[in-house]
Amino acid sequence: MKDNAFGDLKYLELLSQSYPTIISASTEIINLEAILNLPKGTEHFLADIHGENEAFQHVLKNASGSIRRKVKELFQLPKQQERDLCTLIYYPAEKLALVRNSEPNLTIWYQKTLQQLVRLCREVASKYTRSKVRKALPEGFAYIIEELLHEKGDDKDKQAYVVSILRTIINTGRADDFITELCLLIQRLAIDRLHILGDIFDRGPGAHIILDTLQRYHDWDIQWGNHDALWMGACAGNDACICNVLRISLRYANLTTLDEGYGINLMPLATFAMEAYSNDDCTPFRPILPPGKELPEKELQLIAKMHKAISIIQFKVEAQIFHRHPEWNMEDRDLLHLIGLDNTLTEEEENVMKLLHHSFAVSDRLRKHIRMILSHGCMYAVHNGNLLFHASVPLNEDGTLKDVLVYGKKYHGKNLLHRIGSLIRTAFANNNDPTLDKNEKQYAIDYFIYLWCGPDSPLFGKSKMATFERYFIDDKSTWHEEKGWYFKYRDDENVVNRILDSWKIRGKNRHIINGHVPVHMAGGENPIKANGKLMVIDAGFSEPYHKETGVAGCTLVYHSRGFQLVVHEPFRSAKEAIVNGTDIVSTTEIIEMSTHRMRVRDTDKGKELMKQISDLRALLDAYRHGILNEKANKL
């Protein structure tokens, strides 16, 4: 280091405030070097959850089957005991209630179970520093758990110490609370980071429950999907998005998220629909029910009328926006004249729309959840050599990156997704901000509907959304939605490499990971494409897709030894999992294994730590050469 390098010296003076002595700087270097040699943390990738909250939560609880695999390896228990232990870890409070009513000798059960849980917790904690584990510990039992995790019990004295702690926990009546916290800690440590590649919302009943779960989750990010953008648009005040959200919910008779989740008042729509369509049986608009679900005929008729009512309003409001933005080239989607209507709302429809708009605007829980999605996500992310996005990158016919017009300027590739992400945030900007361009904000609010169904939207990627044709035109050839060039080229390694190059992602182990289009695994489609460079992990989490894909979703797991694709069979219910010990049956396929066990130094975080080590070494040199003086420790 040069003593006249003013910029470097200024930075080192700031760094010296945190590390004022040679000893403190040296200690931090030792700590960071140790962290670099820990195994890489386990990343989980999920896509297209579509409101299936029970299946989603179970996958988090069982860490895509990895907890059961660790239980199997560590204990080699009979099947029933293995099942019972895993169920306890996934649903501790509920399982403990069953055990208390059925176990003849509770003390012996507590002793055995506590020893197993401590050993398993020690195993999943081994990837982390003591400091990181300490931060994850429950406040009430932090000291006790830390003691147990770091006492191996290799000699008799230590073994007696551990047994004494466990016995005391039981004798003081804290066993249930301790077991519950230990099980939750195992779940927490089994997944280091969760990546959600879009579409929390849609057909399932519990998007709001999923978001409540994520609010409490330790480390996660999201790359927004088309259904997320639709709900974001509804929250921002885009009436076309509001109509689409309602239409999809009515189509699948899924009103739980709207009603119980966000308090959306559907009474004005129901009243209007019953009057406006009193003489219309609305047969094409009868809801699609999942297997096993039944509704009274009167309720089905009401939903069908509401479904048609909001669909007609949707087509009118969409047409108005498309005409307001001729640069989108979507004016041809104004098809209402085919059924003898124009795109002007009747007085009654306009009143319904105002009331629905207000209901979305005043939903505090919805606004809180959308703010959370905004703060944890964007259109894309790059993690450890992996490019993550929900659906696609717009391409030309020759596979090159396509220029797309956004608010008067053209962008492609990374710049396009970055600009769209910035535009989405503008839609939620404070109107009192003096730097805000009000015209851009209105454009941003309108743009949500383009993201939903625009031909060059990276969240859609089709020639059109043929909703109108499916409702009103019998000729099924008009229903066809031509997929964009990305989906035709995603098995072409050269094109995938070109996309990765445009993001400046280097290295031989680089990948694109996305969802959006369900993989027909039952028909033999491989989710691994482009010679392993692209992975599609939408395999039908949502129940309506199970028959189409042949499975019930998949999870991509990236741990210290490489990538594994975990394919899930349908999840029945949390109740059945608790009572009968049923788990999601999963099969694991090894996608790509590393030639060596990856360490923290091989990750993005490792690069940051190595830069910190380099800076600290420069600080040490400055101290040792007298360029900076050590600061006396303050008592």
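Under the 30°/60° scheme for interplanar angles, the aromatic rings of Phe45 and Phe563 are found to be tilted. A perpendicular orientation is assigned to the rings of Tyr262 and His369, their planes being inclined by more than 60° (bins at 30° and 60°).
Ionic pairing of Asp602 and Arg599 is not present here: no N-O contact between side-chain nitrogen and carboxylate oxygen is shorter than 4.0 angstrom. Between Lys611 and Asp615 there is a salt bridge, since a side-chain N of the basic residue sits under 4.0 Å from a carboxylate O of the acidic one.
Between the CG atom in Leu15 and the CD atom in Gln612 there is a gap of 9.0 Å [rounded to 0.5 Å]. Atom CD in Gln57 sits 9.0 Å away from atom CG in Asp212 (nearest 0.5 Å).
Scanning all heavy atoms of the two residues, the minimum distance from Ile303 to Ala253 falls at CD1-CB, 4.2 Å. Closest approach of Asn254 and Gly204 over heavy atoms only: ND2-O, 2.7 Å. Of all non-hydrogen atoms in Met379 and Trp224, the two that sit nearest each other are N-CE3, 3.9 Å.
His218 NE2: more than 12 foreign heavy atoms inside a 6.0 Å radius. In the displayed structure, Glu139 atom CD is contacted under 6.0 Å by at most 12 heavy atoms of other residues, nucleotides or ligands. Counting heavy-atom neighbours within 6.0 Å of Lys607 NZ, excluding the residue itself, gives a total of 12 or less.
Residue His390 forms a side-chain hydrogen bond (donor to acceptor under 3.5 Å, both in side chains) with just one option from His227, His516, Gln223, and that option is His516. Each of Asn386, Val566, Ile537 was compared with Leu556 under the side chain to side chain contact (heavy atoms under 4.5 Å, CB included) criterion, and only Ile537 meets it. Applying side-chain hydrogen bond (donor to acceptor under 3.5 Å, both in side chains) to Thr42 and the options Lys127, His559, Gln564 leaves one that passes, Lys127.
Listed for the Asp228 side chain is a donor-acceptor partner under 3.5 Å among the backbone atoms of Asp199. Between the Asp84 side chain and the Gln81 main chain, no donor and acceptor come within less than 3.5 Å of each other. No donor-acceptor distance shorter than 3.5 angstrom exists from the side chain of Arg601 to the backbone of Glu33, with no hydrogens or angles considered. A side-chain donor-acceptor contact under 3.5 Å links Tyr128 to the backbone of Leu189. A donor-acceptor contact shorter than 3.5 Å is absent between the side chain of Asn265 and the backbone of Ser359. Panel note: side chain Glu123, backbone Lys70; no donor-acceptor pair is recorded below 3.5 Å.
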(request) Step by step, work out the side-chain hydrogen bond (donor to acceptor under 3.5 Å, both in side chains) result for Tyr91 and His58. (result) CA-CA 9 Å; Tyr91 303 97; His58 191 82; 2.7 Å; yes
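Checked by atom type, the side-chain pair Glu147/Tyr161 shows a donor-acceptor distance below 3.5 Å.
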